[in-house]
Amino acid sequence: MGNRTFTLSEANELLPELLAALRQLQQLTAQFEDKYLDYQKERAALEHASASSHGSRDPFFEQESQLEFMKMEADLLIENFARKGVQLKMINPGLMDFPSVLDGEDILICWKEGEERVSHYHGLHDGFAGRKPYPAE
């Protein structure tokens, strides 16, 4: 387990900031997917019509650059979760784990999109299926 551990209240205090970052990441990944699909369609269309010459100019340079920039931006957002000590398990729907200790045992406090508060946990190797309500503090 990493260095930082959270109490349930610390995880809940951080949640609004993490939700804002998650929403930004979800929006960025949706835009990336749309742009990537457009890119694939245009590239396939050009390959079918490859009889015409386009010279030395790469017609996809700008799109590929935009996609690469969006990927870098998403990677930075994902790294920000890790820097805070939070494990981002899934972007859509959002799923996050907060390393913690309960009764001397290493656990992961977990939150899934749609929940108002962080209120469940599971063992390190139990995964989402092993979620249990966190005991009252």
Side-chain angles (χ1 to χ4, degrees):
M1 196 155 90
N3 298 337
R4 173 130 195 227
T5 59
F6 295 85
T7 64
L8 185 63
S9 59
E10 289 171 335
N12 277 304
E13 284 174 26
L14 193 55
L15 190 59
E17 179 184 335
L18 296 172
L19 285 176
L22 179 63
R23 300 286 179 259
Q24 185 179 0
L25 184 57
Q26 288 173 331
Q27 182 179 9
L28 182 62
T29 55
Q31 290 171 348
F32 180 90
E33 289 169 2
D34 288 345
K35 189 173 281 293
Y36 187 71
L37 286 174
D38 290 344
Y39 164 77
Q40 285 183 316
K41 288 176 189 172
E42 289 177 31
R43 190 160 187 102
L46 183 66
E47 287 173 4
H48 289 292
S50 63
S52 62
S53 174
H54 293 282
S56 61
R57 184 180 175 277
D58 182 354
F60 299 106
F61 176 78
E62 187 174 327
Q63 285 175 298
E64 290 168 349
S65 297
Q66 288 173 348
L67 286 166
E68 184 60 30
F69 181 78
M70 292 172 84
K71 183 188 175 307
M72 289 170 28
E73 192 176 359
D75 288 344
L76 283 172
L77 287 167
I78 292 167
E79 287 173 23
N80 283 337
F81 283 88
R83 274 195 283 282
K84 288 176 176 37
V86 176
Q87 300 173 11
L88 179 63
K89 297 294 185 169
M90 199 176 338
I91 295 171
N92 216 343
L95 184 62
M96 294 181 258
D97 284 342
F98 301 79
S100 187
V101 177
L102 181 63
D103 298 330
E105 181 184 339
D106 290 339
I107 63 163
L108 295 168
I109 300 171
C110 62
W111 172 88
K112 69 175 182 169
E113 193 164 3
E115 296 175 341
E116 290 183 27
R117 300 183 47 74
V118 181
S119 59
H120 288 74
Y121 78 100
H122 56 79
L124 295 182
H125 305 290
D126 296 338
F128 186 81
R131 291 179 95 215
K132 301 173 255 225
Y134 196 90
E137 288 187 303

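Residues take their numbers from the sequence shown, with the count starting at 1.
Rounding to the nearest 0.5 Å gives a distance of 10.0 Å between CD1 of I107 and OG1 of T5. Atom-to-atom distance recorded for Q87:CD and L95:CG is 10.0 Å, nearest 0.5 angstrom. We find the CE-CD distance between M96 and E115 to be 10.0 Å, quoted to the nearest 0.5 Å. Rounded to the nearest 0.5 angstrom, K89 NZ and L108 CG are separated by 6.0 Å. Put simply, CG on L8 and CZ on F98 are 9.5 Å apart, with the number rounded to the nearest 0.5 Å. From E105, atom CD reaches atom OG of S100 across 10.5 Å, with rounding to the nearest 0.5 Å.
Sorted by first and then second residue, the ring-ring contact (aromatic ring centres under 6.0 Å, His included) pairs with a member in residues 76-96 form an empty list; sequence neighbours excluded. Applying the salt bridge (Lys or Arg N to Asp or Glu O under 4.0 Å) test to every pair with at least one member in residues 67-86, sequence neighbours left out, gives these pairs: E17-K84, K71-D75, E79-R83.
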In residues 116-129, what donor-acceptor pairs under 3.5 Å come from side-chain atoms, sequence neighbours left out?
unit_1, atom_1, unit_2, atom_2, d
H122, NE2, D97, OD1, 3.4
D126, OD2, G123, N, 3.1

Expected list for residues 31-38: side-chain donor-acceptor pairs under 3.5 angstrom, two or more places apart:
unit_1, atom_1, unit_2, atom_2, d
K35, NZ, Q66, OE1, 3.0
Y36, OH, Q40, NE2, 3.3

When you look at W111 and V86, which way does the side chain to side chain contact (heavy atoms under 4.5 Å, CB included) test go after all the steps?
CA-CA 11 Å; W111 172 88; V86 176; over 6 Å; no
Evaluate R131 against K112 for side chain to side chain contact (heavy atoms under 4.5 Å, CB included), listing each step before the verdict.
CA-CA 11 Å; R131 291 179 95 215; K112 69 175 182 169; 3.8 Å; yes
Show, in sequence, the C-alpha distance, side-chain angles and deciding distance for I109 and L102, and conclude whether the side chain to side chain contact (heavy atoms under 4.5 Å, CB included) test is met.
CA-CA 10 Å; I109 300 171; L102 181 63; over 6 Å; no
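Closest non-hydrogen pair, G85 versus P99, comes out as O-CD, 3.2 Å.
Residues satisfying the side-chain contact (heavy atoms from CB on, under 4.5 Å) criterion with E10, sequence neighbours excluded, are F6, T7. Not counting sequence neighbours, the partners of A74 by the side-chain contact (heavy atoms from CB on, under 4.5 Å) test are L25, L28.
By the 4.5 Å heavy-atom criterion applied to side chains, I78 and I91 are counted as neighbours.
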